Amino acid sequence: MDAKTRIARRVAQELHDGDVVNLGIGLPTLVAHHLPSNIEVCLQSENGFIGLAPLTGEPEPGLVNAGGQPCGLAPGGAMFDSAMSFALIRGGHVDVTVLGGLQVDQHGNLANWMVPDKMIPGMGGAMDLVTGAKRVIVAMEHCTKDGAPRLLERCTLPLTAAARVSLVVTELAVFSCDRGRFTLEELAPGVDLATLAARTGAGFDLALPAAAHHRNSLRSMC
Amino acid sequence: MDAKTRIARRVAQELHDGDVVNLGIGLPTLVAHHLPSNIEVCLQSENGFIGLAPLTGEPEPGLVNAGGQPCGLAPGGAMFDSAMSFALIRGGHVDVTVLGGLQVDQHGNLANWMVPDKMIPGMGGAMDLVTGAKRVIVAMEHCTKDGAPRLLERCTLPLTAAARVSLVVTELAVFSCDRGRFTLEELAPGVDLATLAARTGAGFDLALPAAAHHRNSLRSMC
Amino acid sequence: MQATDTKRRSKLACPDELNHHLRDGMRIMFGGFMGVGTPERLVAAILRHGARRLTLIGNDTAFPHSGVGPLIASGQVERVITSHIGTNPVTGRKMLAGQIAVELVPQGTLAERIRCGGAGLGGVLTPTGVGTMVAEGKMRQLIDGREYLLELPLRAELAILHAKRADQAGNLVYERAARNFNPLMALAADKVIAEVEEIVDTGEIDPDQVMTPGILVDHLILAESH
Amino acid sequence: MQATDTKRRSKLACPDELNHHLRDGMRIMFGGFMGVGTPERLVAAILRHGARRLTLIGNDTAFPHSGVGPLIASGQVERVITSHIGTNPVTGRKMLAGQIAVELVPQGTLAERIRCGGAGLGGVLTPTGVGTMVAEGKMRQLIDGREYLLELPLRAELAILHAKRADQAGNLVYERAARNFNPLMALAADKVIAEVEEIVDTGEIDPDQVMTPGILVDHLILAESH
């Protein structure tokens, strides 16, 4: 299983039955393929609808996802304009947003929309999603292609939103962000703490045993 | 012809083909029955549609005017929610609003939504209409039942909006409001200037002869 | 991805569902304009339940015997935030007697305040009310030389809506002028209950014609057939 | 009252109509999201007309050969106000070369700014962008202990829209996700021209299903049949 698939599978386990979820372009889109069979979520697409589904059959005119690709529509879907789409997003009507990241820091800050002088695609809907969704999950590879850590004490790239990230899922570990520190919630199979620490640009706490009843997966994996 | 009918007829002559018009409850509603046959206007109803028309045939569920009375819908009508209705009103998409008034003053101020300690129905959509419509026409009887003037130097009742009235039409005369003075545009047949002045609580200018080519009706009536 | 063939839950509830969400002192938004688009069965349920000291938020207080009028008469309402009370003399009498507090808000401003509350916005600048009593105590802001008032968001704990048709997933379609404030309030309350005249299977409403997305609606109640 | 049997004007115009409304240096809003919901025939007409120094306002600059992409490539655009340029590398290259100014606006903020421009509002307070570069130079306001940015209205001289269907009176119906910014822009421009795939007689669209009221639309152009 490659890193991206591993990350997508793990993120999928964070979703609950009935959640309204927005999945970003790229890696987060994969999450849709790994949902547990006993839950049903409603996918919101920021270009203007709920009920995003995989394309089955012929593409329908005008029915595309937020990446502009033809997609399907689940029964019970509903279309709306961009003001309504972002009223839903900003107004807290989206339970979970899953986005890729360039950097996340221990204060819950996320940077994922530009690299000055290099790559300036624009923020699209990301700033609204990170600001407005009830829960923000960042799904990203643990380090850059050059091996530089993406989890940092302080982001160096321009922020998408401040102090909004709840959870970071990488191929190595799962961290929560709270009170200015990362907390290690889970280590991926075969990864040891020393390796993780070496590849992480910030210190982190271990989930306390006292809280372990909330963190069964950590207990079982460590 | 009674005073209200006379006022409604005169207001109707101010409307132009293609205008989007909002008519207030009461006297202004009568304007719809006196439109010249060669013009077509689109009536906006602030409870949420364009295409307000007289009721013909059976009432339709949910199809009522802003007074809550069953009404009809012209071909090409369109329904929307209250936010859109007032986006149209506030955003300058309504060409003319015609409202009743309690008082109008020479500064273009209108008072028509409350009499302290006596009658406080609320402003409903009137404040938005007077603020947002391109042209505000007040259609009211010249004096109160007690004979007190309604056209004043300064309104004594709480304002609906400041400096927004373009034209006042009463059964005695038509005044425009501009640069802090009323200008008499027209005298009703059989009314003389002395009578008008006695019943008007503010001074007024006469429309200048030089501008008379814009005011054919005044020339012909005086 | 969510399977399209798994069991689809229905949001249809029995009329008693409303009782679980009522409590004294709560804020309730109600759809409707002069009673048109107001869920009369839900209003009756609040009357039967007897919750007191309510704050009602809606366009107007309708007439004594329709819309939310009966709740005004029953003495369950402590405060109303509305644009118009002129058609219900009971509201005016109770206001003058000090039995009900009435906050009058221009209709377009009321719509925007509710929209802000539902859309995560902190407020909106409107020209409506500048130079009037409505401006008292409000922050003013000059933008491009024109004066605006800062109007703040409104939210409620419960919104009661009326729609013509729903599917089991809660997607709503309104009819004619009964739409009015209903779609705005669907966004702005912690709990949203819609009374509908007809419920169809999920998938039967064209997604382009949905006026309120089902994710905003918690429960559906069938209006009584007449 | 307006007679329902008088002649009904049609807003249908020939494709050259757009030429009367174009001029150098103007601001144009365009509907569409990654080109879906963008009036491609009107874009082509702007290309043919050759108007220069344009400011474009819209969600994104699509792809080099679709949506408004060709206008970026043609050098007619001086400035873009948009949320995303990542799918059109030409925009990025011209921005880095100093040939096009790009104002990046969060997508939800762009929607609200256009809505403000069309709804007569002076601005809106949004939490989006607080603590980021987007906040630079903007007024901040604390409401209930939370920080918001004041975002200002956007308007244009011309809006070019795409809809699935119109009636002769200009009422528009959009299809699926091609709706996006189109209904907002219909409110926010001095002149509104919609490219539509189909025109039906006035009265044939159910008034409940109209998504943009005809009073907002000045001219209709038929999309070329494919």
Side-chain angles (χ1 to χ4, degrees), chain B residues 25 45-49 51-52 59-71 73 77 79-92 107-111 113-114 116-132 155 157-164, chain C residues 31-37 59-63 66-67 80 82-89 91-92 95-96 102-112 114-115 119 126-135 147 162 164 174-186 197 211-212:
Chain B
I25 310 297
S45 194
E46 70 261 31
N47 52 326
F49 58 106
L52 175 65
E60 245 193 281
L63 192 52
V64 297
N65 63 21
Q69 300 307 308
C71 65
L73 193 57
M79 319 303 294
F80 30 77
D81 68 24
S82 296
M84 178 63 166
S85 186
F86 283 86
L88 293 176
I89 288 168
R90 205 191 305 99
H107 306 284
N109 297 324
L110 168 67
W113 71 281
M114 74 173 283
D117 302 323
K118 212 168 149 194
M119 184 199 71
I120 313 181
M123 66 292 281
M127 285 192 177
D128 297 284
L129 280 160
V130 179
T131 301
C155 290
L157 293 171
L159 298 188
T160 304
R164 291 288 306 152
Chain C
F33 190 110
M34 306 268 175
V36 174
N59 183 65
D60 58 80
T61 55
F63 306 95
S66 73
V80 186
T82 188
S83 80
H84 200 265
I85 61 170
T87 53
N88 187 342
T91 315
M95 175 176 69
L96 292 173
V102 176
E103 179 185 341
L104 289 169
V105 180
Q107 202 168 118
T109 300
L110 186 64
E112 288 299 318
I114 293 168
R115 186 175 179 277
T126 179
T128 303
V130 168
T132 77
M133 282 171 55
V134 165
E147 191 176 337
H162 178 272
K164 170 67 177 174
Y174 308 98
E175 186 174 50
R176 300 300 188 236
R179 191 180 320 186
N180 54 70
F181 281 77
N182 283 293
L184 306 172
M185 292 171 172
E197 293 175 35
M211 299 174 191
T212 289

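Just so we're clear, the structure is a prediction, and the values are computed from it rather than from any experiment. Chain letters run A, B, ... following the sequence lines, proteins first and then strands; every chain starts at 1.
When all heavy atoms of C:Gly129 and B:Met127 are compared, the closest pair comes out as CA-SD, 4.3 Å. Of all heavy-atom pairs between C:Thr109 and B:Arg90, the closest is N-NH2, 4.4 Å. The nearest pair of heavy atoms linking B:Leu159 to C:Gly131 is CD1-O, 3.7 Å. Here the closest non-hydrogen pair linking B:Trp113 and C:Met133 is CZ2-SD, 4.1 Å.
Among C:His84, C:Met34, C:Glu175, the residue making the largest number of heavy-atom pairs under 4.5 Å with chain B is C:His84. Interface summary for chain B: among C:Gly35, C:Pro106, C:Gly86, C:Ala111, the most heavy-atom pairs under 4.5 angstrom belong to C:Pro106. For the set B:Ala87, B:Pro61, B:Gly132, the entry with the most heavy-atom pairs within less than 4.5 Å of chain C is B:Pro61. When each of B:Gly124, B:Gly68, B:Gly48 is checked for heavy-atom pairs under 4.5 Å with chain C, B:Gly124 comes out on top. Contact tally against chain C (heavy-atom pairs below 4.5 Å) for B:Gly67, B:Ser85, B:Ala111: the top residue is B:Gly67.
Interface residue C:Phe33: only side-chain heavy atoms are found under 4.5 Å from chain B. With a threshold of 4.5 angstrom between heavy atoms, B:Thr160 approaches chain C through N, CA, C or O but not through any side-chain atom. Of the two parts of C:Leu184, only the side chain, counted from C-beta on, holds a non-hydrogen atom closer than 4.5 Å to a non-hydrogen atom of chain B. Heavy-atom distances place both the backbone and the side chain of C:Pro127 under 4.5 Å from chain B. Both the backbone and the side chain of B:Ile120 have a heavy atom closer than 4.5 Å to some heavy atom of chain C. Contact annotation for B:Met114: only side-chain heavy atoms (C-beta onward) come within less than 4.5 Å of a heavy atom of chain C. Looking at C:Met211, neither its backbone nor its side chain comes within 4.5 Å of chain B, counting heavy atoms on both sides. Both the backbone and the side chain of C:Asn180 come within contact range of chain B, each with at least one heavy atom under 4.5 Å from a heavy atom of that chain. Residue contact with chain B, scored on non-hydrogen atoms closer than 4.5 Å, involves the backbone of C:Val105 exclusively. Both the backbone and the side chain of B:Ala66 come within contact range of chain C, with heavy atoms under 4.5 Å apart. Residue contact with chain B, scored on non-hydrogen atoms closer than 4.5 Å, is absent for C:Thr91.
Among B:Asn47, B:Val64, B:Leu63, the one residue that satisfies the side-chain contact (heavy atoms from CB on, under 4.5 Å) test with C:Val36 is B:Val64.
With B:Asp128 contributing its side chain and C:Gly108 its backbone, the two residues share a donor-acceptor pair below 3.5 Å.
For the atom pair CD of B:Glu46 and CD of C:Gln107, the computed distance is 5.5 Å after rounding to the nearest 0.5 Å. Residue B:Met123 holds its CE atom at 10.0 Å from OG1 of C:Thr128, rounded to the nearest 0.5 Å. The structure places CZ of B:Phe49 at 9.5 Å from CZ of C:Arg176, a figure rounded to the nearest 0.5 Å.
With sequence neighbours excluded, the residues satisfying side-chain hydrogen bond (donor to acceptor under 3.5 Å, both in side chains) with C:Arg115 are D:Glu112. Residues meeting the side-chain hydrogen bond (donor to acceptor under 3.5 Å, both in side chains) test with B:Gln69, sequence neighbours left out: none.
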